[in-house]
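Working notes, structure below.
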Amino acid sequence: MGTSVINRMPIRDARLVDADRRSTGEQLRPDTVLWRYLDAAKLFDFFENSTLFFCRADHFSDKFEGAFTPSLRTQISDAHARGEIDYDYEQFKRRMRESVFINCWHRNQDDSAAMWALYGKSECAVALTSTVGQLAATVADIAEHKISIARVEYVKHWSDPKLDVSPDYTRIFAYKTKAYEYEKEVRVIIDRTRDAPAPGLRQPGIVVPIDAGRLLRSIVIAPDAPPWFENLVRQSAQRYGIRAPVRRSRLATDPI
């Protein structure tokens, strides 16, 4: 299949395995900083329930989500023709998209004005920050699911790039089309392709309980948030026993 710059973190230990050994300066490390931008409603739901939402892959708006390339389509179709897999290409693709669940983070040392605009959606918004190491330690407790962490690589699907989907095809969700490159995404991927599908079950996602104290590095308040909202976030964090520091975005700093 060729190699790629996807990183996969085995959840049961803290090692990072690079599919590409080239030094790109972009590899995931345990101290890589991650951001998850939330509006106020999702923040207070997080405080109350300490959960992460994993969206089912076919519920994303990007039509290229989980898209295969022409070469991979041929490979899957040929395997079906030889009787090596039970599904033809369209069935295989649909089952993959219905059986994989994804939680998304933005990889950056600092916060992003574009991410605030796209995912904060209002001045009353926050970003949860974590690190790859903290995130891996947090999701390691989710024993009933097969889970991996991957740095997304951005490709032009229509040009038939060589995608590394070994050892299993769920790695297709660690690729997105070039148009989303600005997102610098890191994904936690739950693979339920081996589970027997429940009749009529079409839930849009999975809500997974987590340890918020283990996950959080900090809570960052949107740069344009009013003072009352900042006070509310600080008071609520204290009330729910959140020990991670709460601070305002540095984008709120007045220029000299």
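Just so you know, these numbers use all the heavy atoms, side chains as well, and skip hydrogens, waters and symmetry mates.
Between Phe68 and Tyr89, the angle of the ring planes goes over 60°, which puts this pair in the perpendicular group of the 30/60° scheme.
At distances below 3.5 Å, at least one donor-acceptor pair connects side-chain atoms of Ser159 with backbone N or O atoms of Lys156. A donor-acceptor contact shorter than 3.5 Å links the side chain of Thr129 to the backbone of Ser218. Looking at Trp35, its side chain never comes within 3.5 Å of a backbone N or O of Leu128 through a donor-acceptor pair. Distance alone, capped at 3.5 Å, places no donor-acceptor pair between the Ser99 side chain and the Met96 backbone. For the pair Thr74 (side chain) and Pro70 (backbone), a donor-acceptor distance under 3.5 Å is present. In terms of modelled atom types and a separation under 3.5 Å, the side chain of Tyr175 and the main chain of Asp164 share a donor-acceptor contact. The main-chain N or O of Phe53 is found under 3.5 Å from a side-chain atom of Asn103 such that the two form a donor-acceptor pair.
The side chain to side chain donor-acceptor pair (under 3.5 Å) with Tyr119 is formed by just one residue from the set Arg36, Lys42, His106, Glu183; it is Glu183.
Counted by atom type alone, Asp111 and Ser249 present one or more donor-acceptor pairs between their side chains at under 3.5 Å.
Between Lys146 and Asp191, at least one side-chain N (NZ, or NE/NH1/NH2) sits under 4.0 Å from a carboxylate O, which counts as a salt bridge. Salt bridge annotation for Arg248-Glu230: present, with a cationic side-chain nitrogen under 4.0 angstrom from a carboxylate oxygen.
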Residue pair Trp158, Phe64: steps toward the ring pair (Phe, Tyr, Trp, His ring centres under 6.0 Å) verdict = CA-CA 10 Å; Trp158 48 88; Phe64 285 98; 5.7 Å; yes
Walk me through it: do Leu135 and Leu34 pass the test side-chain contact (heavy atoms from CB on, under 4.5 Å)?
-> CA-CA 9 Å; Leu135 182 59; Leu34 303 175; 3.7 Å; yes
Evaluate salt bridge (charged side-chain N to carboxylate O under 4.0 Å, His left out) for Glu90 paired with Arg94, printing each intermediate quantity in order.
-> CA-CA 6 Å; Glu90 292 299 333; Arg94 182 173 64 252; 5.9 Å; no
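For Glu84, the salt bridge (Lys or Arg N to Asp or Glu O under 4.0 Å) test picks out Arg82, with sequence neighbours left out.
For the pair Arg187 and Phe60, the distance from NZ or CZ to the six-membered ring centre is under 6.0 Å and the angle to the ring normal is within 45 degrees.
Separating the CD atom in Gln203 from the CD atom in Glu98 is a distance of 10.0 Å, to the nearest 0.5 Å. The structure places OG of Ser50 at 13.0 Å from CZ of Arg214, a figure rounded to the nearest 0.5 Å.
Counting heavy atoms of neighbouring residues, nucleotides and ligands inside a 6.0 Å radius, atom CD of Gln238 does not exceed 12 of them.
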